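What follows is a single structure, written as structure tokens, with notes after it.
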Amino acid sequence: MIKIRYFARLREHLGTADEQMALTPEIRDLAALTEQLRRRGGVWSEAFGGEQSVMMAVNEEVADAAQPLRDGDEVAYFPPVTGG
Amino acid sequence: MIKIRYFARLREHLGTADEQMALTPEIRDLAALTEQLRRRGGVWSEAFGGEQSVMMAVNEEVADAAQPLRDGDEVAYFPPVTGG
Amino acid sequence: MRRSIRIQAEAFDPLEVAGDLHRDNPGVGAVVSFLGLMRDLNQGRRVLSMTLEHYPGMAEKALRRIVEEAAERWPLQAVSVVHRVGELRPQDPIVLVMVASSHRGDAFRACEFIIDFLKTRAPFWKKEQTEQGEHWVEARSNDLASELRWRARDDR
Amino acid sequence: MRRSIRIQAEAFDPLEVAGDLHRDNPGVGAVVSFLGLMRDLNQGRRVLSMTLEHYPGMAEKALRRIVEEAAERWPLQAVSVVHRVGELRPQDPIVLVMVASSHRGDAFRACEFIIDFLKTRAPFWKKEQTEQGEHWVEARSNDLASELRWRARDDR
């Protein structure tokens with residue numbers, strides 16, 4: 001299982017803050033996971049369709065699409081940050 | 001008359017904080033005044049002999065040797081500043 | 001180097017943080033601080049209040065990493081970062097970055113480095129409440145440019 | 001732009017000065033401050049105390065001019081400069097420069113500009129008391145170099 005968290009505008013748009021997902025062999029990296037989420041359609045294809053930029057983190061570190069995923073990982077999706 | 005003020009190391013070296021001086025026609029600018037002070041000899045020629053750099057001000061504004069002098073001016077001599 | 005990193009919903013007093021930084025540290029000659037405050041106007045819109053969301057855990061980690069990177073680049077004696085989350089009103093302090101060093105150049109450079117990277121790397125998001133409703137603040141390309149400056153130059 | 005320039009023998013609390021700068025000024029988004037503190041060690045010598053002499057009248061005038069020059073270069077909302085004179089002990093605040101602006105880049109630039117010029121233009125002189133006796137502090141060529149930087153670049 002992996003945990004997926006969504007923040008800020010993305011969380012509101014998807015209507016969910018986090019979810020658990022079984023890690024299948026196809027979901028070997030962030031690119032594959034993101035594609036799987038996009039295929040859910042509706043707000044998911046809007047959020048991950050590339051119109052708005054989305055940042056990703058794995059285990060609290062910023063990561064890119066090539067980042068491999070392992071069981072127990074915490075993945076996060078969020079918009080560009082605006083703190084400070 | 002002009003007023004001449006000395007600050008910091010220069011004040012201590014010369015043993016005086018300020019003096020009044022009659023403005024003669026020869027003392028037309030700061031260069032001439034400085035030369036006159038230097039000619040007093042002793043600590044005066046040490047202080048204005050060029051070994052240590054001396055800054056000058058007229059009426060509370062930094063000035064250079066070419067600065068003309070007028071009756072009533074306040075002249076100041078001091079070492080490079082070290083505040084802050 | 002002393003480090004203090006705090007993320008909190010409670011208001012903070014910049015004045016107290018400052019006092020803690022150089023007290024009992026007589027080698028400190030320069031303290032440079034940046035205080036970011038909530039403005040009542042953003043891009044022409046009057047802002048009534050603001051909500052700051054963050055990613056707990058990752059936000060602290062990101063700030064720690066930015067502070068470590070600054071400490072590797074410049075000789076620093078103490079760094080303190082405090083960042084608010086939750087509800088804010090105009091004039092409320094949002095973030096305080098305070099850097100103590102022996103010399104002022106290092107303190108200026110490190111302080112600006114930390115806030116520049118915080119703006120592009122630390123997972124915080126602002127939502128503004130205005131008279132026309134609420135909206136998420138968009139990331140500014142200016143902020144990215146500020147971060148990129150540090151890669152192009154070597155200020156050590 | 002609000003201006004406050006103070007030269008005083010009394011100790012000042014940097015924390016109070018900070019509060020005055022942005023209070024009731026909701027357009028201020030960034031406050032950058034520089035605090036210069038007396039160190040207990042200078043060029044390898046242990047310093048017990050320090051005496052700061054100044055040229056009354058000219059010192060205020062020089063600081064006002066530097067602040068005006070900063071305000072011409074960058075859009076600023078408030079500037080405060082406080083400089084001690086007289087007897088100081090290690091860890092005592094010597095000078096505080098605080099700049100408020102809408103945006104952080106302008107505040108950083110203006111604050112460093114003011115302290116850089118203060119160091120080379122404002123008529124203050126430090127005398128240190130050490131265990132080996134007392135001596136006047138020499139001007140640092142570093143400080144002149146810091147001032148000259150501002151002529152070579154345009155940071156507006």
Side-chain angles (χ1 to χ4, degrees), chain C residues 13-43 46-48 77 89-105 107-116 118-119 140 142-143 145-146 149, chain D residues 13-43 46-48 77 89-105 107-116 118-119 140 142-143 145-146 149:
Chain C
D13 186 349
L15 317 183
E16 281 176 25
V17 179
D20 292 339
L21 201 66
H22 61 268
R23 200 171 292 143
D24 307 323
N25 203 353
V28 170
V31 177
V32 171
S33 68
F34 168 79
L35 176 64
L37 298 155
M38 186 185 155
R39 292 190 294 151
D40 64 352
L41 208 69
N42 192 16
Q43 299 177 321
R46 188 148 299 277
V47 185
L48 306 173
Q77 292 185 288
R89 302 264 155 205
Q91 298 190 59
D92 276 355
I94 300 171
V95 61
L96 177 67
V97 178
M98 208 170 259
V99 174
S101 183
S102 296
H103 302 292
R104 73 183 186 281
F108 269 108
R109 235 51 72 227
C111 185
E112 194 169 12
F113 175 92
I114 291 169
I115 185 62
D116 281 352
L118 186 156
K119 290 257 182 190
R140 295 169 62 221
N142 268 0
D143 286 330
S146 293
R149 270 190 318 147
Chain D
D13 187 348
L15 317 184
E16 281 176 26
V17 179
D20 291 338
L21 201 63
H22 61 268
R23 199 171 293 143
D24 306 323
N25 203 352
V28 171
V31 177
V32 171
S33 67
F34 169 79
L35 176 65
L37 298 155
M38 186 184 155
R39 290 191 296 152
D40 63 352
L41 208 70
N42 191 15
Q43 297 177 324
R46 189 149 295 278
V47 186
L48 307 174
Q77 291 185 289
R89 303 266 156 202
Q91 299 191 59
D92 276 356
I94 300 171
V95 62
L96 177 67
V97 178
M98 207 169 261
V99 175
S101 183
S102 295
H103 301 291
R104 73 183 187 281
F108 269 108
R109 234 52 72 227
C111 185
E112 194 168 13
F113 174 92
I114 291 169
I115 185 63
D116 281 352
L118 186 157
K119 291 257 181 190
R140 296 168 63 219
N142 269 1
D143 286 330
S146 293
R149 270 190 318 147

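All of these numbers come straight from a predicted model, not from anything done at the bench. Numbered from 1 within each chain, the chains take letters A, B, ... in sequence-line order.
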**Request:** Measure distances from D:Asp116 to the heavy atoms of chain C and classify the residue's part below 4.5 Å as side chain, backbone, both or neither.
**Result:** both

**Message:** With chain C as the partner, which of D:Ala100, D:Cys111, D:Gly29, D:Ala107 has the greatest number of non-hydrogen pairs under 4.5 Å?
**Reply:** D:Gly29

**Asked** What are the two closest non-hydrogen atoms of C:Phe34 and D:Arg104, and how far apart are they?
**Response** CE1-CB, 3.3 Å

**Prompt:** Of all heavy-atom pairs between C:Arg39 and D:Val28, which one has the smallest distance, and what is that distance?
**Reply:** CG-O, 3.5 Å

**Prompt:** Is the number of heavy atoms from other residues, nucleotides or ligands within 6.0 Å of CZ (D:Arg140) greater than 12?
**Reply:** yes

**Item:** Residues in ring pair (Phe, Tyr, Trp, His ring centres under 6.0 Å) contact with D:Phe113, at least two apart in sequence or another chain
**Value:** D:Trp74, D:Phe117, D:Trp150

**Which portion of C:Ser102 sits near chain D, non-hydrogen atoms under 4.5 angstrom** = both

